[in-house]
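Here is the structure we will look at, set down as structure tokens.
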Amino acid sequence: MSEDLQARLAAVQKAITKRPPFVGGTLDVPDSDLKLYFGEVDDAYCLNFARATDEQLGKLAAACDPATFGVKQEDVLDESYRKAGKLDTDKFASLLKVAEYGLIDTVRDELLQEGADSTKQVACELYKLNVYGKDSFFKSHKDTPRSERMFGSLVVVLPTPHEGGALVLREDGREWTFDYAAEIANATKIAYVAFFGDIEHEVLTVKTGYRVTLTYNLYFDAAPKPARSESKPIPRSVVDADAPFREALQKLLQDPALLPKGGYLAFGLRFMYPCNQGMKLQRLRHHLKGADAMVARVCKELGLRGKLMVTYPGDDEFESEDVHIIMDAPFGDCYLTEDDSFQDLLLRNGGKRICAMGSDAGEDFIGGCTEALWVVPLSQFNEVKEAHGARTFS
Ligand SMILES: O=C(O)CCC(=O)C(=O)O
Ligand SMILES: [Fe+2]
């Protein structure tokens, strides 16, 4: 690759930067909104988190079941990984109204600011109440997406006095710690942290007191806000966030050394999305997050036809790692004959072979191979390992 092209490519890559993957802070709320009712018919209690006694919180903790966590779509109980109590939403009623405080707007505007996301409606759904008593914790994990539209989680920490129990988020070797306990204790305040679903996070051990949280699932709502008409200015933040990438991509496209035989620009997705066999990948287009949404939007603006594709590695034995097979949708169950390979099957079912730009791997194939420049390389977090039923028949 020429030095000039390399520099232009590096500029595009640099422009695809992600904002911090969270938004957090504290918020004053009306005193009466901090009331919580819990229990069963004829055995129900009420407390106010701004001045809950130890005894009341002990009762709340005792009403909880041990908290489970999701592993491969199943709920697992393992107190060496997560020690906490939980109440499902049919066991309590909180008077907090997070949407009314503007919290959901804040999540949309700050967390999703980067992309077309910022114009999408965000819905939040109360998921659980958790009580982390002394020695409770939740080791590092990622939340299980509960639907295709779920993009993250919102944790609201209630103002009960406690020490420890900080929430730690980690991404790409960076780490952020949230501990608002001292700031909100006994006040008519809550703390909140909203983060994308693919961010690793952990709750450190609670040393004293009770840490009580409400967790909400964050969704893209089905109906996007009406598109702004041409005459109305779009918010500056959207324009500013896109401009460096748009300019860098335009320069890259003008370089005559770019894909002289034609081909694809390939952008590995930077966020994780739920995906299953046979699903229509294009449906995810409207749910792209942050920098992924920016890439899709700017490519469209510049007249590039974009498509979400799934990528399969080439055949280990005959093909170099520069070779991939791309498909419109994840491939379903299949039969292989004895002298068939999975890659051949993909190619017969609409798969297209691509090879990295400049690699000589493509010359080996009858029918050829389309060159692709990997602007954002594939990363492991979007890799799905699946055993394909290699049933053979002759
Ligand atoms: O309580 C927190 O801060 C986070 C809890 C959490 O990670 C979860 O419920 O999945
Ligand atoms: Fe979590």
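Throughout, numbering of the chain's residues begins at 1 and tracks the sequence. We use all heavy atoms of the structure for the numbers below, so side chains are in, but hydrogens, waters and symmetry mates are not. Just follow the structure's listing: the first ligand is 1, and inside any ligand the first atom is 1.
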Only heavy atoms of [X], strictly under 4.0 Å: list the atoms of ligand 1 that pass.
X	value
L167	3 (O), 4 (C)
R211	1 (O), 2 (C), 3 (O)
Y132	1 (O), 5 (C)
R82	9 (O)
T213	1 (O)

Any side-chain donor paired with an acceptor under 3.5 Å for [X] and [Y]?
X	Y	answer
D143	S153	yes
D88	Y127	no
D78	S80	yes
Y132	R82	yes

What protein heavy atom sits nearest [atom], and how far off is it?
atom	value
atom 4 (C) of ligand 1	V203 CG2, 3.6 Å
atom 8 (C) of ligand 1	F138 CE1, 3.6 Å
atom 10 (O) of ligand 1	D143 OD1, 2.9 Å

Qualifying residue for side-chain hydrogen bond (donor to acceptor under 3.5 Å, both in side chains) with S140, from E202, H201, E200:
E200
Please check if the side chain of T160 supplies one atom and the backbone of Y210 the other of a donor-acceptor pair under 3.5 Å.
yes
Examine the proximity of ligand 1 to H141 and report which part, side chain or backbone, both or neither, has a heavy atom under 4.0 Å away.
side chain
In this structure, the Fe ion (ligand 2) sits at the vertex of an angle between NE2 of H141 and OD1 of D143 that rounds to 10° as 100°
Quick check: are there more than 12 heavy atoms from other residues, nucleotides or ligands sitting under 6.0 Å from CG of D42?
no
Nearest neighbour of atom 7 (O) of ligand 1 from the list K142, E202, H201, K86, on a heavy-atom basis
H201
Please report the shortest heavy-atom distance between E79 and F137, naming the atom on each side.
O-CZ, 3.4 Å
